[in-house]
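Written below as structure tokens is the structure these notes are about.
Here is how names work: the chains are called A, B, and so on, in the same order as the sequence lines, proteins then strands, and each is numbered from 1.
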There are 2 protein chains.
Amino acid sequence: MATIRDVAKLADVSTATVSRVINRNGYVNAETKRRVTEAIEQLNYVPNDVARSLFKGRSKMIALFVPDITNPFFPELARAVEDVANQRDYTFVLCNTDNDPVKESAYLNALQQKSADGFVIVSSSISEEQLEEINVPMVAVDRITGRSISSVTVNNYSGSRQAVQHLKSIGCKRIAHISGPEHTDNAVLRLRGYLDEVMYEDWFNSNYIAVGEYNFDTAREAAIELLRDCPEVDGVFAGNDLMGAGVLNAAAALGRRVPDDLSVIGFDGISIGKTLTPTLTTMVQPIYEIGAKAADMVITQIENGAPAITSEELPVQLMERQSSRRKE
Amino acid sequence: MATIRDVAKLADVSTATVSRVINRNGYVNAETKRRVTEAIEQLNYVPNDVARSLFKGRSKMIALFVPDITNPFFPELARAVEDVANQRDYTFVLCNTDNDPVKESAYLNALQQKSADGFVIVSSSISEEQLEEINVPMVAVDRITGRSISSVTVNNYSGSRQAVQHLKSIGCKRIAHISGPEHTDNAVLRLRGYLDEVMYEDWFNSNYIAVGEYNFDTAREAAIELLRDCPEVDGVFAGNDLMGAGVLNAAAALGRRVPDDLSVIGFDGISIGKTLTPTLTTMVQPIYEIGAKAADMVITQIENGAPAITSEELPVQLMERQSSRRKE
DNA sequence: AACATGTGTGTAACGGGTTACAGATACATC
DNA sequence: GATGTATCTGTAACCCGTTACACACATGTT
């Protein structure tokens, strides 16, 4: 591979001049510039990013931390972050943290050594101290980790109320909630939204709440138990779409017809909702925009160094599909 | 951040000695080593990866190219590659190529500039010439791109025959195939397996073959048309699970009961198969192992420089679920 | 005594860019 | 004619590790 020195020699100038041509800064005579450009062309020269990074202390690289890319919510998010990164000429690195603080900080260290310029993270576990140690821009997404970090989220609380309101509006009289994990702030917010919507209903009772992880299996288990214990339940608000799929499966296993006997609504708007039978009614998050917005914020901060902590909250939207229908 | 020079000064040795301690090579007196280690500890020193990369021309970084991470087959693959990369102390970079040769080579260039050490790629489009240009280890996965590159795949042909045999064995008399895209070698192999299994059946007719993309929507469309035109079809082999989901959805839309009227089998074994109603019978690929194996091959090649081109073919396995059942 | 081998450490060049600084020239201004 | 300013270019230091090479000393060999 050709180096800047090869180019300099061929164009009969110093490396400084070549560098000036490449980076379009400082004065360069038009004729000189032509010669340099030609030499670059001829040698097929491309500047070495590593050398550049070393000098600048920056790498044009941002990383996304997600709990597990295997969860279909995250690929779409990743896609957005990657697209924006590319658009703005950054390299994109994906890291699965498994919600494990040890893995998280291992990644953080490894990437700092590589001069990563910024991070977009989905994390429930990162500590304020760790945040202090990072001296590059960082934006939290989907979940808020602490108040000393910028974030892009949706209004989980009001989205959750909307979801329950939808079930009420189609005539559900007994609405249960299969909640996500208690240590995750968005699950707590959704639970709170549900509670504030049903707490004062005379039919409400705490058996209508079950807790699972944000996945299919635990939700299915929880739903089977709940629906067996409370056969009067005619509406379920699932903590997210994956859990909604679990509820649909549980309903089928118990012979409960959806939406005739039971309406189900999820949260997220991931694409598997459309593949299910019946298709899943859900509160759609603008997942791609969330990721794009977060990536944009990080890169803008990298380049302009705007340090203010900002919190964006995007809207969710009801998407009615087959799993919920007005009762006769 | 502390540099090796700071450590050298504090321990009162040269940077060479510090480097020798860090890398455990060359001779270092035990007492000296102790002092250096202490200084490293005290300063919280971590070697700068970028400087290291610059000197060595290697970055301890591998990349995975996938058509689209949003397709649920790939996250699992990505997960495997990432895990192995981490285990062996490599950084993992994910790239979505959208099957676009332009994006592919843009990524290839960008990553070469960053001294990426190796690539795992899923691609139908990369050319032999491009392969020539890459002078780092590279392994193709899922699809074979050319004969000048190592690969890890499954036996698509025999897996496909097994799938059709399964439908026959449960009593299907008219078996259709919704095939994946014609420019993708694994789709072609699966189609060939299907053909070799049904071609000489007296019922066979070419209307039983439809072509789509490897996604839900096109398969759904294709299946609706096919099932409407050929109501006698009682078994469908879908090109992959996502397409299988499309077929199930189409069947539901047409009021065909699965598995009573129609049995459906997919290919891949991705997790959404379990979330569908009915759950989807499929030929399970060892996706994680494929990714792990490929990552392992790449890294081993990076470190030992074994240049021989090898092709691994892993087995697929029938997983019977609710979408297929023996006819009475 | 002469030489080989093993141990221990430092100096300095190197990888491939970037840029502060200095020097040179051209032109404008007073 | 002196001074100022814009244009153009090169030298060399710098980013931060790694390692070839040189040198010193200890021990073993013949």
Q) Would you say dG15(C) has OP1 or OP2 under 4.0 Å from some side-chain N or O of Thr3(A)? A) no
Q) Under a 4.0 Å N-O cut-off, is there an ion pair linking Glu31(A) with Arg34(A)? A) yes
Q.
For dG17(D), does the base pair up with any side-chain atom of Arg5(B) as donor and acceptor (N or O, under 3.5 Å, distance only)?
A. yes
Q) Which part of the nucleic acid, if any, lies within contact of Ser19(B), taking any heavy atom under 4.0 Å across all strands shown: a base, the sugar-phosphate backbone alone, or nothing? A) base
Q) How would you label the contact of Val18(B) with the nucleic acid (heavy atoms, under 4.0 Å): base, sugar-phosphate, or nothing? A) nothing
**Q.** Whole angstrom value for the distance that separates P of dG17(C) from CG of Asp49(A)
**A.** 10 Å
Q. dT19(C), dG17(D), dG10(C): which one has an atom nearest the side-chain heavy atoms of Ser14(B)?
A. dG10(C)
Q | Spacing between Met1(A) atom CE and dG17(C) atom P, to the nearest angstrom | A | 10 Å
(Q) Determine whether a donor-acceptor pair (one donor, one acceptor, N or O, separation below 3.5 Å) exists between the side chain of Arg20(B) and the base of dG8(C). (A) no
Q. Looking for any heavy atom pair under 4.0 Å, which part of the strands does Asn23(B) touch: base, sugar-phosphate only, or nothing?
A. sugar-phosphate
Q.
What is the distance, to the nearest angstrom, from the CG atom on Asp6(A) to the P atom on dG16(C)?
A. 9 Å
Q. Between atom CD1 in Ile4(B) and atom C1' in dT9(C), what is the gap in whole Å?
A. 14 Å
**Q.** Protein-nucleotide distance (Asn29(A), atom CG; dA24(C), atom P), rounded to Å
**A.** 19 Å
(Q) What contact category does Val13(A) fall into here, base, sugar-phosphate, or nothing, at under 4.0 angstrom with non-hydrogen atoms? (A) sugar-phosphate
Q: Between Tyr27(B) and Thr15(B), just flag the one whose closest nucleotide in DNA chain C comes earlier from the 5' side.
A: Tyr27(B)
Q | First of Ala16(A) and Ala2(B) reached from the 5' end of DNA chain D, by closest nucleotide | A | Ala16(A)
Q.
For a quick check of understanding: with a heavy-atom distance under 4.0 Å over all strands, which category does Ser53(A) fall into, base, sugar-phosphate or nothing?
A. nothing
Q) Considering the options Leu111(A), Val139(A), Val298(A), which one meets the side chain to side chain contact (heavy atoms under 4.5 Å, CB included) requirement together with Phe119(A)? A) Leu111(A)
Q) Does the side chain of Met297(B) reach to within under 4.5 Å of the side chain of Glu312(B), using non-hydrogen atoms? A) yes
**Q.** Salt-bridge present (Asp49(A), Lys56(A); N to O < 4.0 Å)
**A.** no
Q | Interatomic distance where CG belongs to Leu54(A) and C1' belongs to dG17(C) [whole Å] | A | 9 Å
Q) Which atom pair, heavy atoms only, marks the closest approach of Ser14(B) to Ala8(B)? A) C-CB, 3.8 Å
Q: Measure from CG on Asn25(B) to C1' on dA20(D) and round the result to the nearest Å.
A: 13 Å
Q | Lys56(A) NZ - dT18(C) C1' separation (whole Å) | A | 7 Å
(Q) Measuring from the side chain of Pro47(A) (C-beta onward, heavy atoms only), which nucleotide among dG17(C), dG8(C), dG10(D) has the closest atom? (A) dG17(C)
